[in-house]
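Atoms within a ligand are numbered from 1 in the order they appear, just like the ligands themselves. Excluded from the calculations below are hydrogen atoms, water molecules and symmetry mates; all remaining heavy atoms, backbone and side chain alike, are included.
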Amino acid sequence: MSVKQNIKNLSQDDLFEFIKNHKQPAYRAEQIRLALYKQKIEDFDEISNIPKSFREELQNNFDIFSIKIKTVRESSDGSVKFLFDLNDNNSIEAVYMPWYDNEDEKLERQTLCISTMAGCSVDCAFCATGKLGFKRNLESSEIIDQIILVEKYLRTKITNIVYMGMGEPFLNYSNTIKSLEILTDPNFELFSRKKITVSTSGIAPRITQFATSPRPVKLAISLHATDDKTRDYLIPMNKTFNLEVLMNSVEDYYKATKIPITYEYILFKDLNDTKEDIKRLTKIARRVPSRVNLIPFNDISFTNPIGPANTLKSANRQEMEVFAEELRKNQIPTIIRETFGGDIEAACGQLALSEEVKKVYNFS
Ligand code: SAH
Ligand code: SF4
């Protein structure tokens, strides 16, 4: 295991400090950061516009990559699941999803779903990642390297990022923010803020805090229930930040950013699919401009869940269509989200399945 620090974890100020200590001009910071994030260098020797002696100093002090691709699995639908090794034997996953235009089948966007934790501490009843428990938060370098390594591997430019892989981004707040600052930095032109979505199970104080961060992005709220009793059962975090507290923070977010909210709603049969749910969901979705993504429940019976997850069942396609139509009648923009990567266990909430991940987590 390397003892060097990863250069991508340095803040701008840390980098200035290092440069100053090595008697180099301040503009080296921008040269280095452009080389790391825009040129995506693998070796400091590739930064040809800085002196060789300083390149050697960088080499002696820092690593460039924080994670390694371990395995890659391609789905018949074009999505690709990447398993990464971290420096300490933990593992994480990311999923690449190509979206084609329905009419002319042109590749419209290429989305990468990235992780912010190894495992997750929230333990939602329906989520395989949650069943793994929590290993640790990812550093910002580990968050960003998922994108850089996938772009290099697929020789393509990812167009959209969703923080919807393993982990709860807002329980790893500072590293999530650090990674977003790099991804949306106008100097690097990596992603516009409109092309990034952070998904949260509802860490209300962080949503309020994120509202006033320098470059907020799109926010998805994993709602999944319209009353506290059902939400407590599905998402234990709701006992700390209940629906009213959560909705107040969502209002804070919209007021400060004017960015419409997306509510994610897994439609479970006989649990959150009643007429009353449609009424309450309509009320929730009207509080600020927003839309609803209905998601089919991806089976996680492979985790041998105990408790609620045993009895959870997805609504079928027709039931989802009916639920969506009712919401649309109430003027709530609603889509039924496509599921990618079902055949490679890469769908939402299923990131925990690869043999390697199971081994690391002693998960059988
Ligand atoms: N922790 C964050 C982001 C990662 S989970 C969050 O919870 O929002 C990404 C999305 O996958 C969330 O909307 C989550 O509710 C959903 N999800 C988790 N398990 C799922 C499953 N088994 N089937 C369908 N969606 C699932
Ligand atoms: Fe964690 Fe999100 Fe899974 Fe809940 S749904 S356990 S918050 S990753």
Could you tell me whether some N/O pair between Tyr163 and ligand 1 is separated by less than 3.5 angstrom? no
Does Met166 have a non-hydrogen atom less than 4.0 Å from ligand 1? no
Output field: ring centroids Tyr263/His224 closer than 6.0 Å: no
Taking atom types as modelled and ignoring hydrogens, do the side chains of Asn137 and Asn175 form a donor-acceptor contact shorter than 3.5 angstrom? no
The option among Ser199, Ser222, Gly165, Cys120 carrying the non-hydrogen atom nearest to atom 4 (C) of ligand 1 is Gly165
Assess the pair Phe18 and Phe62: is the distance between their ring centroids shorter than 6.0 Å? yes
Would the number of heavy atoms belonging to other residues, nucleotides or ligands and lying under 6.0 Å from CD of Gln39 be above 12? yes
Should you measure from each heavy atom of Cys120, which atoms of ligand 2 turn up under 4.0 Å away? 1 (Fe), 6 (S), 7 (S), 8 (S)
Geometry only, no angles: is Arg337 polar-contacting ligand 1 at N/O separations under 3.5 Å? no
Distance, nearest 0.5 Å, that separates OG1 of Thr159 from CG of Leu112: 10.0 Å
The atoms of ligand 1 lying under 4.0 Å from a heavy atom of Gly167, numbered in the order shown, are 1 (N), 2 (C), 3 (C), 4 (C)
Is the Lys NZ or Arg CZ of Arg55 less than 6.0 Å from the centre of Phe44's six-membered ring, within 45° of the axis? no
Where ligand 1 meets Ile300 - atom numbers and elements under 4.0 angstrom, heavy-atom basis: 22 (N)
Option whose closest heavy atom lies nearest to atom 2 (Fe) of ligand 2, chosen from Ser199, Gly119, Gly167: Gly167
Mark up the atoms of ligand 1 that fall under 4.0 Å of a heavy atom belonging to His224, in ascending order. 13 (O), 14 (C), 15 (O)
Do Ser314 and Phe268 make a side-chain contact, defined as non-hydrogen atoms from C-beta onward lying under 4.5 Å apart? no
Output the list of atoms in ligand 1 that are nearer than 4.0 Å to some heavy atom of Ser201, sorted by atom number. 6 (C), 7 (O), 8 (O)
Ring centre gap for Tyr253 and Phe210 strictly below 6.0 Å: yes
Between Thr116 and Glu168, a side-chain donor and acceptor under 3.5 Å: no
Considering the heavy atoms of Asp123, write down every atom of ligand 2 situated less than 4.0 Å from one of them. 6 (S)
Taking 4.0 angstrom as the limit and counting only heavy atoms of Glu264, give me the atoms of ligand 1 inside it, by number and element. 13 (O)
Does any N/O atom on Phe297 come nearer than 3.5 Å to any N/O atom on ligand 1? no
Between OG on residue Ser290 and CD1 on residue Ile332, distance to nearest 0.5 Å: 6.0 Å
Say whether Phe126, considering both its backbone and side-chain N or O atoms, lies within less than 3.5 Å of an N or O atom on ligand 1. yes
Neighbour count >12 (heavy atoms, 6.0 Å) for atom NZ, Lys157: yes
Just to verify, what does Glu181 make a salt bridge (charged side-chain N to carboxylate O under 4.0 Å, His left out) with, not counting sequence neighbours? none
With a cut-off of 4.0 Å, which atoms of ligand 2 are near a heavy atom of Ser201? 7 (S)
Of all the atoms in Cys127, is at least one N, O or S atom closer to atom 4 (Fe) of ligand 2 than 2.8 Å? no
Please determine whether any non-hydrogen atom of Cys113 lies less than 4.0 Å from an atom of ligand 1. no
Rounded to the nearest 0.5 Å, what separates atom OG in Ser222 from atom CG in Asn238? 12.0 Å
Ser222 near ligand 2, heavy-atom distance under 4.0 Å? no
With a 4.0 Å cut-off on heavy atoms, is Ala220 touching ligand 1? no
If the cut-off is 4.0 Å to any non-hydrogen atom of Thr200, which atoms of ligand 1 fall inside it? 6 (C), 8 (O)
May I ask you to list the atoms of ligand 2 that are less than 4.0 angstrom from any heavy atom of Gly130? 6 (S)
